[in-house]
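Treat the numbers as computed from the prediction; the structure is a model and nothing was measured.
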Amino acid sequence: MEKTRFIRISESDNVAVAVEALRAGEEACGVTLAQDIPAGHKFALSPIAAGEDVIKYAFPIGHATEGIAPGAWVHTHNVKTNLSGTLEYAYQPAGAPTAQDMRRTFEGYVREDGSVGIRNEIWIVNTVGCVNGTSQILARRANEALKDKVDGVYCFTHPYGCSQLGEDHQNTQRLLASMVRHPNAGGVLVLGLGCENNHIEAFRQMLGPVDERRVKFLTTQNVEDEIEMGMELIAQLAQYASSFKRETVDASRLIVGLKCGGSDGLSGITANPLLGRFSDLLARCGGTTLLTEVPEMFGAETLLMNRCRDRATFEKTVRLINDFKDYFLRHGQEVYENPSPGNKAGGITTLEDKSLGCTQKGGTAQVMDVLSYAQPVRERGLNLVQGPGNDLCAITALMASGAQMVLFTTGRGTPVGAPVPTVKVATNSALAEKKRNWIDFDAGVLVRGASMEETSHAFLSKVLSVASGEETCSERFGYREIAIFKDGVTL
């Protein structure tokens with residue numbers, strides 16, 4: 001493959017991106033570099049006056065704070081965001097519905113309620129953090145005893161379920177309920193203490209009816225030996241779950257979460273556009289993708305708003321964006337305090353720069369719906385999900401809305417994994433080579449001569465293989481965690 005050393009994303013851009021480290025004095029994209037340019041970082045293609053917009057992805061990513069000469073490094077030392085405060089938006093619809101003209105399949109578990117899982121696991125769902133240790137003991141012992149019956153027994157520790165008020169308490173309940181209902185779990189043990197706010201009876205009222213063969217409940221204060229009783233209940237759940245076998249399922253039943261973390265200057269050039277192309281392909285199969293990280297839509301939100309299928313969806317998207325900005329302001333925080341130090345080190349300069357790359361994961365299809373936190377998905381196609389940019393909170397929110405797996409792009413690398421299979425996609429081949437125990441797919445091939453068409457279809461095949469049981473790196477090494485979004489008082 002012929003390697004690209006630098007790239008101008010759009011003809012209208014006044015900056016280009018170094019794919020690999022470039023030296024001062026080199027000729028690149030028609031200019032002589034005035035200084036060394038680190039990989040993933042930008043350099044000017046023409047004079048940019050103080051106050052003039054810096055253009056990347058054919059959109060402003062901020063303005064120059066001083067005059068920038070051709071060939072000069074363009075980054076946080078001479079660029080500042082254009083963003084501030086909440087905004088008013090006008091609906092300017094663009095595009096057409098994606099035609100459902102492809103058919104692909106995977107091997108999944110069809111549950112008795114008609115939902116489809118891609119794993120057949122036992123999940124221990126704690127109503128309160130006080131039983132975290134108990135759940136860990138049960139998961140460890142059950143995995144040793146039942147490894148031949150199910151795909152694994154897993155617990156997901158968290159510090160909540162008591163001493164929370166209002167919306168925080170409800171968010172905890174909604175999130176945990178989503179886990180109880182998740183089809184990747186062939187059986188669920190709901191484990192409580194007994195004196196917590198979210199005690200099992202209160203949780204059951206919010207959860208609603210369940211299949212008692214699939215869901216068991218244990219209040220540890222009510223029994224003499226909670227480990228013995230827990231193991232008995234898990235054995236019953238495993239017996240039930242083992243009755244399910246993989247069968248051929250249409251790809252229209254697949255729900256996939258889209259996430260990026262530890263981003264770099266190539267995220268918006270390789271891995272995120274690859275997820276966008278995948279999202280469009282899955283929409284053509286009738287499947288569903290979920291896009292979250294609302295603060296990382298700021299600066300690129302109109303691209304999503306104008307793809308909303310109707311005015312009602314547009315208005316829900318406006319509320320999604322402005323409500324999240326208000327959340328920052330209520331806490332006296334700067335709305336645009338982003339990117340992170342690691343993002344900046346990787347070449348991302350402003351929030352617009354980050355957001356224009358981040359939102360590419362959503363492809364080009366219409367936005368079909370907007371979901372509140374832990375709300376189950378209702379519409380096939382691309383959905384927006386309320387959730388922060390924080391990696392753990394975001395992947396948990398995607399799982400809670402029904403994602404059977406999460407696709408996670410990264411330029412700097414991270415081992416974190418969701419409760420559902422998490423496919424790590426490297427933005428650059430150096431990361432894919434260095435962290436083979438983290439990375440499942442190398443999107444860096446896109447700047448080494450590979451075509452997007454071939455790579456996207458290869459990636460679709462990879463996703464369908466994971467849905468059919470292929471283990472991800474995060475699963476192999478036991479990276480499974482949750483984080484519940486919190487915005488209030490703890491007693």
Problem - 4.5 Å side-chain heavy-atom contact, L207 and F217 - result: yes
Problem - R309 atom CZ: more than 12 heavy-atom contacts under 6.0 Å - result: yes
Handout entry: Side chains of T172 and Q164, donor plus acceptor under 3.5 Å
Key = yes
Exercise for the section: Classify the side-chain pair D310/T313 by whether it contains a donor and acceptor separated by less than 3.5 Å. Expected result: yes
Practice task
Would you give the length of the straight line joining atom CD of E296 to atom CD of E301, rounded to the nearest 0.5 angstrom?
Solution key: 13.0 Å
Problem - Set of residues satisfying salt bridge (charged side-chain N to carboxylate O under 4.0 Å, His left out) with respect to E196, sequence neighbours excluded - result: none
Problem - R213/E112 ion pair, N-O < 4.0 Å - result: yes
Practice task
Flag the pair D264 and R412 as a salt bridge only when some basic side-chain nitrogen lies within less than 4.0 angstrom of an acidic carboxylate oxygen.
Solution key: no
Exercise for the section: Determine whether the side chains of D440 and T472 contain a donor N or O and an acceptor N or O closer than 3.5 Å. Expected result: no
Exercise for the section: Answer yes or no: is there an ion pair linking E121 with R480, defined by an N-O contact shorter than 4.0 Å? Expected result: yes
Practice task
Kindly indicate whether a cation-pi arrangement holds for K245 with Y109, taking the cut-offs as under 6.0 Å to the six-membered ring centre and within 45° of the axis.
Solution key: no
Problem - Side-chain ion pair, R174 and E167, N-O less than 4.0 Å - result: yes
Handout entry: Pair S340-N343, side-chain donor/acceptor within less than 3.5 Å
Key = yes
Exercise for the section: List the steps, then state whether ring-ring contact (aromatic ring centres under 6.0 Å, His included) holds for F441 with F278. Expected result: CA-CA 13 Å; F441 194 91; F278 162 81; over 10 Å; no
Practice task
Walk me through it: do N120 and R111 pass the test side chain to side chain donor-acceptor pair (under 3.5 Å)?
Solution key: CA-CA 10 Å; N120 196 34; R111 305 300 181 190; 2.9 Å; yes
Problem - Test side chain to side chain donor-acceptor pair (under 3.5 Å) applied to E471 - qualifying residues, sequence neighbours left out - result: none
Practice task
Apply the side chain to side chain contact (heavy atoms under 4.5 Å, CB included) test between W123 and each candidate in N184, V180, V153; give the one that qualifies.
Solution key: N184
Handout entry: From CA spacing to verdict: side chain to side chain donor-acceptor pair (under 3.5 Å), N171, K486
Key = CA-CA 8 Å; N171 276 349; K486 180 183 181 299; over 6 Å; no
Exercise for the section: Begin with the C-alpha distance, continue with both residues' side-chain angles, and end with the deciding distance and a verdict on side chain to side chain contact (heavy atoms under 4.5 Å, CB included) for V210 and E212. Expected result: CA-CA 6 Å; V210 296; E212 300 287 348; 4.1 Å; yes
Exercise for the section: Indicate whether the side chain of E352 and that of T81 have a donor and an acceptor atom separated by less than 3.5 Å. Expected result: yes
Problem - From CA spacing to verdict: ring-ring contact (aromatic ring centres under 6.0 Å, His included), F203, H199 - result: CA-CA 6 Å; F203 182 60; H199 59 85; over 10 Å; no
Exercise for the section: State plainly whether the residues E107 and R253 are in salt-bridge range, i.e. N to O under 4.0 Å. Expected result: no
Handout entry: Under-4.0 Å salt bridge between D250 and R103
Key = yes
Practice task
Answer yes when D487 and R330 have at least one side-chain N-carboxylate O distance shorter than 4.0 Å, and no when they do not.
Solution key: yes
Practice task
Could you give me the CA-CA distance, side-chain angles and deciding distance for S267 and N272, then say whether side chain to side chain donor-acceptor pair (under 3.5 Å) is met?
Solution key: CA-CA 6 Å; S267 293; N272 289 351; 4.9 Å; no
Completion exercise
Value for OG1 (T288) from CZ (R380), rounded to nearest 0.5 Å, stands at 6.5 Å
